[in-house]
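Keep in mind the model is a prediction, meaning the values are calculated, not measured.
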Amino acid sequence: MQDYEPVERALVIRALGEASLSMVEKLQMTNVVGMVGQRAVMILQLVQQIVASDKDDFEIVEDLVCLFETYGLDADATHDFG
């Protein structure tokens with residue numbers, strides 16, 4: 001895959017996402033849209049649990065980053081928590 005700068009990559013990802021959503025809507029794949037919505041709600045619930053924990057701020061951020069990475073929401077960003 002071609003190397004993109006972070007902003008270009010984000011724009012390409014967004015354009016692909018919008019094109020994919022358009023295709024899903026045209027194919028009337030409401031079950032896919034519903035499944036995505038359910039997954040999003042589940043991830044938001046996990047985010048709420050992490051934020052409400054008694055951990056310190058650093059640990060909360062680390063847990064959030066790991067959660068996002070688990071579900072492929074890291075946009076290839078890197079971090080190093082040691």
Side-chain angles (χ1 to χ4, degrees):
M1 183 175 175
Q2 179 179 353
D3 281 338
Y4 292 102
E5 293 297 319
V7 172
E8 292 171 327
R9 182 176 177 76
L11 292 172
V12 168
I13 290 170
R14 181 180 177 142
L16 288 172
E18 289 173 358
S20 298
L21 182 58
S22 176
M23 288 175 36
V24 167
E25 290 170 345
K26 286 178 184 174
L27 295 173
Q28 297 179 353
M29 297 175 62
T30 55
N31 59 335
V32 172
V33 173
M35 288 175 11
V36 169
Q38 289 174 353
R39 168 85 38 111
V41 169
M42 180 193 69
I43 293 170
L44 287 173
Q45 288 171 337
L46 293 171
V47 167
Q48 286 177 326
Q49 291 173 8
I50 291 170
V51 171
S53 72
D54 292 333
K55 295 181 177 181
D56 66 40
D57 291 345
F58 181 83
E59 291 175 310
I60 289 173
V61 170
E62 180 177 9
D63 289 350
L64 289 171
V65 169
C66 291
L67 174 69
F68 295 150
E69 288 177 340
T70 299
Y71 289 97
L73 302 172
D74 64 345
D76 291 333
T78 59
H79 72 283
D80 182 11
F81 292 117

Residues 54-61, side-chain donor-acceptor partners within the protein, below 3.5 Å, at least two apart:
{"residue": "K55", "atom": "NZ", "partner": "D63", "partner atom": "OD2", "Å": "2.6"}
{"residue": "D56", "atom": "OD1", "partner": "F58", "partner atom": "N", "Å": "3.1"}
{"residue": "D56", "atom": "OD1", "partner": "E59", "partner atom": "N", "Å": "2.8"}
{"residue": "E59", "atom": "OE1", "partner": "D56", "partner atom": "N", "Å": "3.3"}

Worksheet item: Listed by chain and number, what are the side-chain hydrogen bond (donor to acceptor under 3.5 Å, both in side chains) partners of E18, not counting sequence neighbours?
Response: R14

Discussion item. Give me the atom names and distance for the closest heavy-atom approach of L67 to V47.
Written reply: CD2-CG2, 3.6 Å

Practice prompt. Calculate, to the nearest 0.5 Å, the distance between atoms CD1 and CG belonging to I43 and L64 respectively.
Written response: 12.0 Å

Item to complete: Hey, could you give me each pair passing salt bridge (charged side-chain N to carboxylate O under 4.0 Å, His left out) that has a residue in residues 35-53? Not counting sequence neighbours.
Response: none

Worksheet entry | Cluster link L21 to L11, ILVMFWY, side chain under 4.5 Å | no

Worksheet item: So which residues get pulled into L44's cluster when ILVMFWY side chains under 4.5 Å apart are joined, directly or through others?
Response: none

